[in-house]
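Each remark here refers to the structure printed beneath this line.
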Amino acid sequence: MKTIISAALISVAAGSAAFAAPQAIPGSITYDNAAQLQQAPVGSTVLHTFAKGDGRDVNEVYKVNEDKTLSLVTRTISNNS
């Protein structure tokens, strides 16, 4: 019984992680376009920082995919307003 409950919890956690991926917002590199980096090594990361309209700073980390497109990995927003 414990095995079944553990397996169910792992499946729910894995399924939830797919929905937890950050989405592009205005100012993000991938917002409204599919950005590509021609010379960046596959698997490398790119840091992008920009200001939100409310005065807070947004820091995003992107991963370079095999087709040279970027995938948004994490986003942090400062609490300074």
Side-chain angles (χ1 to χ4, degrees):
M1 185 67 169
K2 288 181 184 178
T3 306
I4 294 171
I5 293 172
S6 296
L9 288 174
I10 290 170
S11 335
V12 168
S16 309
F19 293 108
Q23 300 297 312
I25 60 174
S28 295
I29 295 173
T30 56
Y31 186 75
D32 281 345
N33 67 5
Q36 290 189 324
L37 298 177
Q38 296 305 315
Q39 296 181 352
V42 172
S44 63
T45 57
V46 175
L47 177 64
H48 175 60
T49 302
F50 63 96
K52 279 188 78 173
D54 60 5
R56 297 185 293 169
D57 290 333
V58 178
N59 296 306
E60 296 179 326
V61 176
Y62 291 87
K63 181 185 80 152
V64 179
N65 301 316
E66 289 194 28
D67 62 355
K68 300 294 187 173
T69 59
L70 298 173
S71 294
L72 181 58
V73 178
T74 63
R75 174 186 300 122
T76 57
I77 301 174
S78 69
N79 289 328
N80 303 341
S81 51

TODO: Output every pair passing salt bridge (charged side-chain N to carboxylate O under 4.0 Å, His left out) with a member in residues 62-72, not counting sequence neighbours, ordered by first then second residue.
DONE: none
Open item on the list: So Asn65 and Leu70, do their side chains get closer than 4.5 Å, heavy atoms only?
Closed with: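 No - every pair of side-chain heavy atoms lies 4.5 Å or more apart.
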Open item on the list: I need the minimum non-hydrogen distance between Ser78 and Arg56, along with the two atoms involved.
Closed with: O-CD, 3.0 Å
TODO: Under the side chain to side chain donor-acceptor pair (under 3.5 Å) rule, collect the residues that match up with Thr45, sequence neighbours excluded.
DONE: none
Open item on the list: Among residues at least two apart in sequence or on other chains, which ones pass side chain to side chain donor-acceptor pair (under 3.5 Å) with Asn59?
Closed with: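 Here the qualifying residues are Thr49.
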TODO: Any ring pair (Phe, Tyr, Trp, His ring centres under 6.0 Å) involving residues 58-78? Give me the pairs, sequence neighbours left out, ordered by first then second residue.
DONE: none
Open item on the list: Taking transitive links into account, so neighbours of neighbours count too, which hydrophobic residues share a cluster with Phe50 at under 4.5 Å side-chain distance?
Closed with: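 Reading the cluster by chain and number, Phe50 sits alongside Ile25, Val58, Ile77.
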Open item on the list: Nearest 0.5 angstrom please: Glu60 CD to Thr74 OG1, how far?
Closed with: 8.5 Å
TODO: Answer yes if Leu72 and Ile29 sit in the same cluster of Ile, Leu, Val, Met, Phe, Trp and Tyr residues linked by side chain heavy atoms under 4.5 Å apart, and no otherwise.
DONE: yes
Without placing hydrogens or testing angles, list every side-chain donor-acceptor pair under 3.5 Å for residues 30-41, not counting sequence neighbours.
none

